[in-house]
Protein chains: 2
Amino acid sequence: MGASGAAVDAGRLPLRERKKLRTRQALVDTALELFTAREFDGVTLDELVDSVEVSKRTFFRYFASKEDVAIAAEAQLWQAYLDEFARAEPDGPFLTALRTALISALEGMDADWERRFIATRRLIGRTPALRDHSTLTSFKTQELLVSELETTLGVDSRDDVRLRLLGELALGAWRCGAKNWVRAERHSTRRGTGARASLIQRVEEAFDAIPASLTLCA
Amino acid sequence: MGASGAAVDAGRLPLRERKKLRTRQALVDTALELFTAREFDGVTLDELVDSVEVSKRTFFRYFASKEDVAIAAEAQLWQAYLDEFARAEPDGPFLTALRTALISALEGMDADWERRFIATRRLIGRTPALRDHSTLTSFKTQELLVSELETTLGVDSRDDVRLRLLGELALGAWRCGAKNWVRAERHSTRRGTGARASLIQRVEEAFDAIPASLTLCA
DNA sequence: CAACTTACGCCACTCAGTGGCATATTACAA
DNA sequence: TTGTAATATGCCACTGAGTGGCGTAAGTTG
């Protein structure tokens with residue numbers, strides 16, 4: 001199937017835009033292949049850039065850093081999460097809304113994303129620089145969600161800590177659920193259960209465990 | 001008072017060790033001065049290293065990165081927090097223990113630390129690279145606390161999400177409470193209230209608001 | 001005052017990331 | 001079709017963080 005990647009949806013865009021999408025996708029796909037084969041630290045940007053036949057200068061017009069291109073699949077998920085949450089009708093506890101939007105975003109990703117996401121998470125698991133970058137990205141997503149909450153509620157998060165806490169809780173649950181997911185996926189006894197389903201389950205369990213964790217005693 | 005810094009407690013250590021402490025402290029103090037005066041990005045490592053009359057090679061034997069030396073005051077707090085929590089007797093809800101240990105650590109820091117910590121937080125506030133690094137440091141502290149919890153409870157955090165959630169909650173509350181602290185401190189109307197007291201109050205409020213945030217509705 | 005250990009300085013090097021400017025390519029209008 | 005504006009790319013020189021290796025200086029111990 002080659003390095004097809006995320007199918008480059010060319011929804012009748014002007015030629016220039018289609019080319020940009022192609023370049024971007026080529027960078028993402030090639031990066032993941034190279035990093036998977038020879039480790040993140042074992043591949044220089046110049047190598048990646050040569051493989052795709054693009055100048056280094058151009059690379060930095062698409063991505064802010066070497067880490068960014070490596071975790072592109074995660075960024076895609078966060079974008080979907082933000083969209084999902086922005087679209088959602090406010091109703092009931094916000095923590096539930098944050099939870100539901102996250103699960104919906106996960107369920108809405110396509111099959112090719114799943115393949116790339118699994119490979120990405122494996123790579124992150126064995127690359128300290130990427131672990132840090134991935135963690136930071138989840139924190140930035142958290143802050144964007146809080147901004148969204150602010151506009152929805154018309155409240156400044158500086159006046160109500162609860163907004164920020166909601167961000168910490170939602171992405172915190174994600175971080176807990178996602179933590180050893182890929183590692184556990186490897187020697188998963190119950191085959192047939194999709195990898196994504198098990199991730200969703202872990203995240204749901206994390207959300208469920210929040211109240212109990214508050215009162216966990218010695 | 002010069003660049004005295006954290007008083008370099010030379011508790012009758014061998015000469016070599018005292019020299020190392022002095023060098024380390026000189027790096028920390030000078031870094032904070034230079035970064036405060038001319039911004040983190042406006043000072044190169046070579047400049048810092050020349051000011052302290054130490055080779056760059058030596059610098060990296062003391063600190064892992066340029067960011068590390070800038071947020072040394074935070075690292076000190078985290079070390080105190082870890083010590084405090086390790087010393088604490090397990091009793092009652094763990095979240096309370098985590099909270100108490102954090103507050104105790106804060107209260108236990110000396111006056112010179114407070115001065116440096118305030119300057120550091122201001123610097124962090126206007127330096128994206130340091131914001132990221134600071135966030136990551138809090139996250140790593142969180143993981144160390146979870147390890148401590150694991151040994152205390154004899155439970156692997158992979159088997160019980162609640163341990164990791166406790167880490168997220170404790171440091172999450174810290175992040176929320178500390179967020180706009182220095183900025184707010186500037187135009188604080190109520191003078192007399194110490195800066196540290198207001199930080200502690202903010203963190204306490206964040207911990208208090210956790211239950212309410214769970215049920216916050218539209 | 002030796003013999004050992006440990007920290008330091010120096011130097012050359014890698015590599016991510018940037019600024020500036022010339023060039024190529026696409027978009028658009030006549 | 002052709003001319004022109006807009007924009008993406010390439011090239012090149014450069015900065016600055018971080019590393020490896022090795023010789024030297026200083027502290028430690030008998």
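Residue numbering restarts at 1 for every chain, and letters A, B, ... go by the order of the sequence lines.
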Worksheet item: Is there a donor in the side chain of R164(A) and an acceptor in the side chain of Q142(A), or the other way round, less than 3.5 Å apart?
Response: no
Worksheet item: Quick one: how far along DNA chain D does chain B reach, first to last nucleotide 5' to 3', anything under 4.0 Å to a heavy atom?
Response: dG16(D) to dT28(D)
Worksheet item: How does each nucleotide of nucleotides 25-30 of chain C score, in 5' to 3' order, for protein heavy atoms under 4.0 Å: base (B), sugar-phosphate only (S), or none (-)?
Response: BBS---
Worksheet item: Will you find, in the side chains of S198(A) and W181(A), an N or O donor that is under 3.5 Å from an N or O acceptor?
Response: yes
Worksheet item: Any idea how W78(B) and Y81(B) line up, ring-wise: parallel (<30°), tilted (30 to 60°), or perpendicular (>60°)?
Response: tilted
Worksheet entry | Integer-rounded Å distance: dA16(C) P and L130(A) CG | 13 Å
Worksheet item: Do E148(A) and L144(A) come close enough that some side-chain heavy atom pair is under 4.5 Å?
Response: no
Worksheet item: When you measure from every atom of DNA chain C, which of residues 57-70 of chain B have a heavy atom less than 4.0 Å away?
Response: R57(B), T58(B), R61(B), Y62(B)
Fill in: Set of residues satisfying side-chain hydrogen bond (donor to acceptor under 3.5 Å, both in side chains) with respect to D156(A), sequence neighbours excluded
R158(A)
Fill in: Cation-pi check, R175(A) onto F139(A) ring (under 6.0 Å, within 45° of axis)
yes
Worksheet entry | Side chains of T58(A) and S55(A), donor plus acceptor under 3.5 Å | yes
Practice prompt. Compare all side-chain heavy atoms of D132(B) with those of K140(A) and state whether any distance is below 4.5 angstrom.
Written response: yes
Discussion item. Nearest heavy atom decides the nucleotide; on that basis, is T44(B) or V54(A) closer to the 5' end of DNA chain D?
Written reply: V54(A)
Practice prompt. Start with the C-alpha gap between D68(B) and H133(B), add the side-chain angles, then the distance that decides, and say whether side chain to side chain contact (heavy atoms under 4.5 Å, CB included) holds.
Written response: CA-CA 8 Å; D68(B) 257 22; H133(B) 203 74; 2.6 Å; yes
Worksheet item: Just checking K56(B): base, sugar-phosphate only, or nothing, at a heavy-atom cut-off of under 4.0 Å?
Response: base
Discussion item. Just so I know, are the side chains of L171(B) and L145(B) near enough to count as touching, which here means a heavy-atom distance under 4.5 Å?
Written reply: yes
Worksheet item: Among side-chain atoms of E74(A) and S134(A), is any donor-acceptor pair under 3.5 angstrom?
Response: yes
Worksheet item: Atom CD1 of I124(A) and atom CZ of R126(A): how far apart are they, to the nearest 0.5 Å?
Response: 10.5 Å
Practice prompt. Please identify each residue that fulfils ring pair (Phe, Tyr, Trp, His ring centres under 6.0 Å) with F60(B), with sequence neighbours left out.
Written response: none
Worksheet, complete the sentence: Taken to the nearest whole Å, CZ/R22(B) to P/dA7(C) is 16 Å
Discussion item. Let's see if you get this right: which residues in residues 120-127 of chain B place a heavy atom under 4.0 Å from DNA chain D?
Written reply: none
